[in-house]
Undergrad: 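Here you go, one structure.
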Amino acid sequence: MPEFEYREDKSASENVKTLKHIFKSKIKSMKEDKWKDKALLGQYPKILEKPHVDTITTNKWLSSNLKGETEGLLVAAQDQAINTRNYQKVICGQQVESKCRMCSQHEETVDHIVSGCEVLTKTEYISRHNNAAAYLHWSICKDHDLKITDKWYQHTPETVMHNKDNNLTIMWDMPVNTDRTITANRPDIIVKDSVNSTCKLIDMTVPSDRNIALKEIEKKSKYKDLELEIQRMWHMKTIVIPVVVGALGTVKKGMVENIEKVSKSANVTEIQKICMLGSARILRKVLSI
């Protein structure tokens, strides 16, 4: 605890304020340490301490005016304090089957439900991913004065959109035909700017919060061959832009800059909110079964 020095040149009220501030800081620090020391509840704050995590951006969703019920569910999910089967067995000591009720293969934890279940991959994860990617597509179209709906969630991306005024083409979930076989040839969005001779390969992913750094590297590696082939075929400067947000909202350092490269209209907190609302929906659906 910082040493408090009484200063006669200060008023009594100023000295009291300083002392209160010191005590509040100490109490806050003690609470944080107690939170982090917990085996279950301390997992998420430990993730936030990782050097690659943008803590300030990650916590911005708390001021995004979500409904109290949804915000409470997401905070509980971050703390692993959700009534999953694993929680019932390990924490509550109940005699229950702890395997996932959807896939019956792995322990039913919060992390497994929101990002690791093979059954949910085919439906719920795709829906969450597509909503976030559609927001990015809507924002790009907005930047380039293409006809779009007033609200992003009413937007249905077209396979190809073209702005004749600036010779720009936006492709959605469309494979690129290349001279040599490239397996990973279908990023979520391709923005081809013929005037400036640039091409952006944009791919969205919503992994486990523990894996956001790894997934960004994987995306860049996955589309590297396509990047090089497009540069050769189209004679354009090409860049791969991964957009990675954790299922429970964790954002990596550098993601704000990545979003700015994608669109001037897009907002990281809005993408984060879309992903987290998708995770909340998945949790409600699975736990109600």
Side-chain angles (χ1 to χ4, degrees), residues 35 38-45 47-48 57-136 138 151-156 204-212 215 243-251 267-289:
W35 181 30
K38 293 184 179 295
L40 192 66
L41 304 184
Q43 292 180 32
Y44 191 72
I47 290 175
L48 297 184
T57 304
T58 295
N59 289 328
K60 280 186 177 179
W61 73 274
L62 289 165
S63 59
S64 59
N65 298 321
L66 292 179
K67 290 183 179 179
E69 180 187 355
T70 302
E71 183 176 316
L73 173 65
L74 290 168
V75 170
Q78 290 176 346
D79 283 343
Q80 308 295 308
I82 296 288
N83 196 32
T84 63
R85 288 183 171 182
N86 180 267
Y87 184 88
Q88 292 171 4
K89 183 176 181 177
V90 177
I91 304 301
C92 301
Q94 299 177 12
Q95 298 298 315
V96 297
E97 170 57 61
S98 61
K99 296 295 182 184
C100 174
R101 69 195 75 185
M102 302 300 293
C103 68
S104 302
Q105 299 296 316
H106 304 280
E107 291 293 301
E108 188 183 270
T109 62
V110 171
D111 194 48
H112 175 75
I113 292 173
V114 298
S115 61
C117 181
E118 295 175 1
V119 174
L120 298 173
T121 298
K122 304 170 185 176
T123 53
E124 299 300 327
Y125 299 166
I126 290 177
S127 175
R128 179 180 61 191
H129 163 276
N130 287 349
N131 282 339
Y135 168 75
L136 292 174
W138 178 84
K151 305 295 183 181
W152 75 263
Y153 49 81
Q154 299 170 336
H155 178 66
T156 302
M204 179 78 210
T205 186
V206 190
S208 164
D209 294 72
R210 305 173 190 277
N211 296 332
I212 56 172
K215 283 297 179 181
V243 179
V244 184
V245 177
L248 294 177
T250 309
V251 177
N267 180 279
V268 177
T269 304
E270 186 65 26
I271 299 171
Q272 182 189 38
K273 182 178 169 183
I274 293 166
C275 295
M276 295 180 77
L277 286 173
S279 296
R281 185 183 65 250
I282 292 169
L283 283 167
R284 288 192 181 103
K285 185 172 182 177
V286 172
L287 297 177
S288 68
I289 296 174

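Values below: every heavy atom of this structure, side chains too, minus hydrogens, waters and symmetry copies.
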Undergrad: Does a sphere of radius 6.0 Å around NZ in Lys273 hold more than 12 heavy atoms from other residues, nucleotides or ligands, not counting ones at 6.0 Å or beyond?
TA: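 Enclosed: over 12 neighbouring heavy atoms sit under 6.0 Å from NZ of Lys273.
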Undergrad: Between Cys275 and Val206, which heavy-atom pair has the shortest distance, and what is it?
TA: SG-CG2, 3.7 Å
Undergrad: Of the non-hydrogen atoms in Gln272 and Val251, which two are nearest, and what is the gap between them?
TA: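 Taking Gln272 first and Val251 second, the nearest heavy atoms are NE2-CG2, 3.9 Å.
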Undergrad: Short question: side chain of Tyr125, backbone of Gly116 - any donor-acceptor pair under 3.5 Å?
TA: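 Yes: the side chain of Tyr125 pairs with the backbone of Gly116.
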Undergrad: Would you say CD of Gln94 has more than 12 non-hydrogen atoms from neighbouring residues, nucleotides or ligands within 6.0 angstrom?
TA: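 Result for CD/Gln94: enclosed.
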Undergrad: Taking the side chain as C-beta and beyond, is there a heavy-atom pair between Met204 and Val245 under 4.5 Å?
TA: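 Touching, per the 4.5 Å side-chain cut-off.
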Undergrad: Compile the donor-acceptor pairs under 3.5 Å between side chains in residues 282-289 and protein atoms, sequence neighbours left out, one pair per line.
TA:
{"unit_1": "Arg284", "atom_1": "NH2", "unit_2": "Thr70", "atom_2": "OG1", "d": "3.1"}
{"unit_1": "Lys285", "atom_1": "NZ", "unit_2": "Glu124", "atom_2": "OE2", "d": "2.6"}
{"unit_1": "Ser288", "atom_1": "OG", "unit_2": "Arg284", "atom_2": "O", "d": "3.2"}
{"unit_1": "Ser288", "atom_1": "OG", "unit_2": "Lys285", "atom_2": "O", "d": "2.8"}

Undergrad: So, the side chain of Ser279 versus the backbone of Ala247: is there a donor-acceptor pair under 3.5 Å, distance only?
TA: yes
Undergrad: Any chance you could lay out the side-chain contact (heavy atoms from CB on, under 4.5 Å) test for Leu248 and Ile47, step after step, and finish with the verdict?
TA: CA-CA 11 Å; Leu248 294 177; Ile47 290 175; over 6 Å; no
Undergrad: Starting at CE of Met276, measure out to OG1 of Thr269 and round the result to the nearest 0.5 Å.
TA: 10.5 Å
Undergrad: Once the angle between the rings of His106 and His112 is folded into 0 to 90°, is it parallel (under 30°), tilted (30 to 60°) or perpendicular (over 60°)?
TA: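 Ring orientation, 0 to 90° scale: tilted.
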Undergrad: Enter the distance from Thr58:OG1 to Tyr44:OH here, rounded to the nearest 0.5 Å.
TA: 5.5 Å
Undergrad: Measure the spacing between OG of Ser115 and CZ of Arg210 and express it to the nearest 0.5 Å.
TA: 9.0 Å
Undergrad: Rounded at 0.5 Å granularity, tell me how far CD1 in Ile274 sits from CG in Asn130.
TA: 12.0 Å
Undergrad: Taking the side chain from Arg101 and the backbone from Glu108, do they hold a donor-acceptor pair closer than 3.5 Å?
TA: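 The answer is no, because no donor-acceptor pair under 3.5 Å joins these two groups.
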Undergrad: About how many Å separate SG of Cys100 and CG of Asn86, when rounded to the nearest 0.5 Å?
TA: 11.0 Å
Undergrad: Would you say that Ile113 contacts Met102 through its side chain, given a criterion of any heavy-atom pair below 4.5 Å between the two side chains?
TA: no
Undergrad: Looking at side-chain heavy atoms only, is the closest gap between Leu74 and Leu66 below 4.5 Å?
TA: yes
Undergrad: Heavy-atom distance under 4.5 Å between the side chains of Ser98 and Val90, does that happen here?
TA: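 With C-beta onward as the side chain, the pair stays apart.
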Undergrad: From Ile82 CD1 over to Asp111 CG, what is the distance, rounded to the nearest 0.5 angstrom?
TA: 13.0 Å
Undergrad: Under a 4.5 Å cut-off applied to non-hydrogen side-chain atoms, are Leu277 and Asn131 in contact?
TA: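 Leu277 vs Asn131: side chains apart.
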Undergrad: Indicate yes or no for a side-chain donor-acceptor contact from Glu118 to the backbone of Cys103 under 3.5 Å, with no hydrogens or angles considered.
TA: no
Undergrad: With a 4.5 Å heavy-atom cut-off, do Lys99 and Arg85 have their side chains touching?
TA: no
Undergrad: Could you note down all residue pairs passing salt bridge (Lys or Arg N to Asp or Glu O under 4.0 Å) where residues 60-71 supplies at least one of them, sequence neighbours left out?
TA: none
